[in-house]
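Remember, it's a predicted structure, so these values are computed and weren't measured experimentally.
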Amino acid sequence: MQKREQSFGIQMLTVQPDAKPKGCAGCNRKIKDRYLLKALDKYWHEDCLKCACCDCRLGEVGSTLYTKANLILCRRDYLRLFGVTGNCAACSKLIPAFEMVMRAKENVYHLDCFACQLCNQRFCVGDKFFLKNNMILCQTDYEEGLMKEGYAPQVR
């Protein structure tokens, strides 16, 4: 049976002054700080809950941690170590698993490559684009292509 990755939430809690101090899962000492973190059903000093690779404090980089192969990791290192890499549909170069991408159906693109493949117009959030014969096209180039093929787009 293959062990799957899991992501877990991190909660920051205020230590109640009258409560018995909790033990830290990282260093085994009592947590006497004002705040503590709760993750993986354990309590941690803010300094003790760190990524096994880059040593960043997980409570500061987000509200999620990842575990796999008995490692506690930040999202970036989890994806770098265990994420799936692929190739950009426009430039064919490798896209690292941790990099932000744009998707159109099964195709994946670098952010910089997500542009009309005829006129190089970059798309912004909310822009309309078309995928024809696995090419990303802006509306103008898509409609001009339809005209050349003898199909007039219907305008309402």
Side-chain angles (χ1 to χ4, degrees), residues 1-117 119-132 134-140 142 156:
M1 184 169 112
Q2 187 178 14
K3 204 172 182 184
R4 286 184 16 177
E5 84 286 343
Q6 294 196 10
S7 65
F8 295 92
I10 301 171
Q11 292 179 290
M12 180 175 276
L13 305 172
T14 304
V15 174
Q16 301 303 318
D18 55 345
K20 181 181 172 194
K22 300 191 180 325
C24 175
C27 69
N28 295 319
R29 293 195 297 260
K30 298 285 182 200
I31 302 173
K32 298 178 183 176
D33 303 345
R34 184 171 180 192
Y35 298 102
L36 59 81
L37 298 175
K38 183 176 181 186
L40 304 171
D41 292 324
K42 298 175 184 172
Y43 297 97
W44 308 77
H45 288 106
E46 290 178 84
D47 287 339
C48 291
L49 187 58
K50 294 181 179 180
C51 174
C53 286
C54 70
D55 227 22
C56 71
R57 292 170 48 162
L58 293 171
E60 291 178 356
V61 296
S63 58
T64 305
L65 63 84
Y66 295 79
T67 63
K68 188 167 180 174
N70 293 324
L71 297 171
I72 296 175
L73 302 164
C74 66
R75 181 178 190 276
R76 181 176 175 93
D77 283 326
Y78 170 76
L79 290 173
R80 186 176 57 78
L81 292 171
F82 302 109
V84 178
T85 59
N87 290 14
C88 177
C91 72
S92 300
K93 292 182 182 171
L94 189 69
I95 303 174
F98 57 82
E99 192 171 302
M100 296 288 286
V101 297
M102 295 298 289
R103 295 180 185 275
K105 294 197 176 184
E106 299 85 36
N107 297 338
V108 182
Y109 303 87
H110 293 106
L111 293 181
D112 288 342
C113 294
F114 196 68
C116 177
Q117 290 177 292
C119 71
N120 294 320
Q121 173 190 330
R122 300 260 324 260
F123 296 109
C124 297
V125 175
D127 284 352
K128 189 182 278 190
F129 68 91
F130 298 84
L131 192 62
K132 182 156 175 68
N134 254 356
M135 285 180 60
I136 304 171
L137 301 172
C138 66
Q139 187 165 0
T140 302
Y142 175 74
R156 293 181 182 226

Residues passing the side-chain hydrogen bond (donor to acceptor under 3.5 Å, both in side chains) test with Asn107, sequence neighbours excluded, are Tyr109, Asn134
Using 0.5 Å steps for rounding, measure from the CG atom of Asn120 to the SG atom of Cys138. 10.0 Å
Just jot down the salt bridge (Lys or Arg N to Asp or Glu O under 4.0 Å) partners of Asp33, sequence neighbours excluded, or say none. none
Given the rule in the side-chain contact (heavy atoms from CB on, under 4.5 Å) test, do Leu81 and Cys53 qualify, once you have shown the distances and angles that lead to the verdict? CA-CA 10 Å; Leu81 292 171; Cys53 286; 3.4 Å; yes
Could you name each residue pair satisfying side-chain hydrogen bond (donor to acceptor under 3.5 Å, both in side chains) that touches residues 36-47, not counting sequence neighbours? Asp47-Arg57
Validation row: Ile136, Phe123 side chains within 4.5 angstrom (heavy atoms): yes
Residue pair Phe129, Phe114: steps toward the ring-ring contact (aromatic ring centres under 6.0 Å, His included) verdict: CA-CA 10 Å; Phe129 68 91; Phe114 196 68; 5.0 Å; yes
side-chain contact (heavy atoms from CB on, under 4.5 Å) partners for Ile10, two or more places apart: Leu37, Ala39, Leu49, Leu58, Leu65
Please name the pair of heavy atoms, one in Cys27 and one in Cys24, separated by the smallest distance, quoted to 0.1 Å. N-SG, 3.5 Å
Just verifying a value: how many Å separate Arg29 CZ and Cys48 SG, rounded to the nearest 0.5 Å? 6.5 Å
Roughly how far apart are Thr64 OG1 and Tyr78 OH, rounded to 0.5 Å? 12.5 Å
Sorted by chain and residue number, the side-chain contact (heavy atoms from CB on, under 4.5 Å) partners of Pro21 (sequence neighbours excluded) come out as Lys30
Under the rule for side-chain contact (heavy atoms from CB on, under 4.5 Å), what residues qualify as partners of Gln139, not counting sequence neighbours? Lys128, Phe130, Glu143
From Lys22 atom NZ to Lys32 atom NZ, the distance as rounded to the nearest 0.5 Å: 15.0 Å
Phe8 meets the ring-ring contact (aromatic ring centres under 6.0 Å, His included) criterion, sequence neighbours left out, with none
With sequence neighbours left out, the residues meeting side-chain contact (heavy atoms from CB on, under 4.5 Å) with Lys93 are Cys91, His110
Can you tell me how far SG of Cys88 sits from CD of Glu99, rounded to the nearest 0.5 angstrom? 9.0 Å
Within residues 101-114 or reaching into it, pairs that qualify as salt bridge (charged side-chain N to carboxylate O under 4.0 Å, His left out) - sequence neighbours excluded: Asp112-Arg122
Looking only at heavy atoms, what is the nearest atom pair of Leu94 and Pro96, with distance? O-CD, 3.8 Å
Tell me the salt bridge (charged side-chain N to carboxylate O under 4.0 Å, His left out) pairs involving residues 80-90, sequence neighbours left out? Asp77-Arg80
Lys132: partners by salt bridge (Lys or Arg N to Asp or Glu O under 4.0 Å), with sequence neighbours left out: Glu149
Indicate yes or no: at least one non-hydrogen side-chain atom of Val108 is less than 4.5 angstrom from one of Ile95. yes
Nearest 0.5 Å please: distance from the NZ atom of Lys68 over to the CG atom of Leu73. 10.5 Å
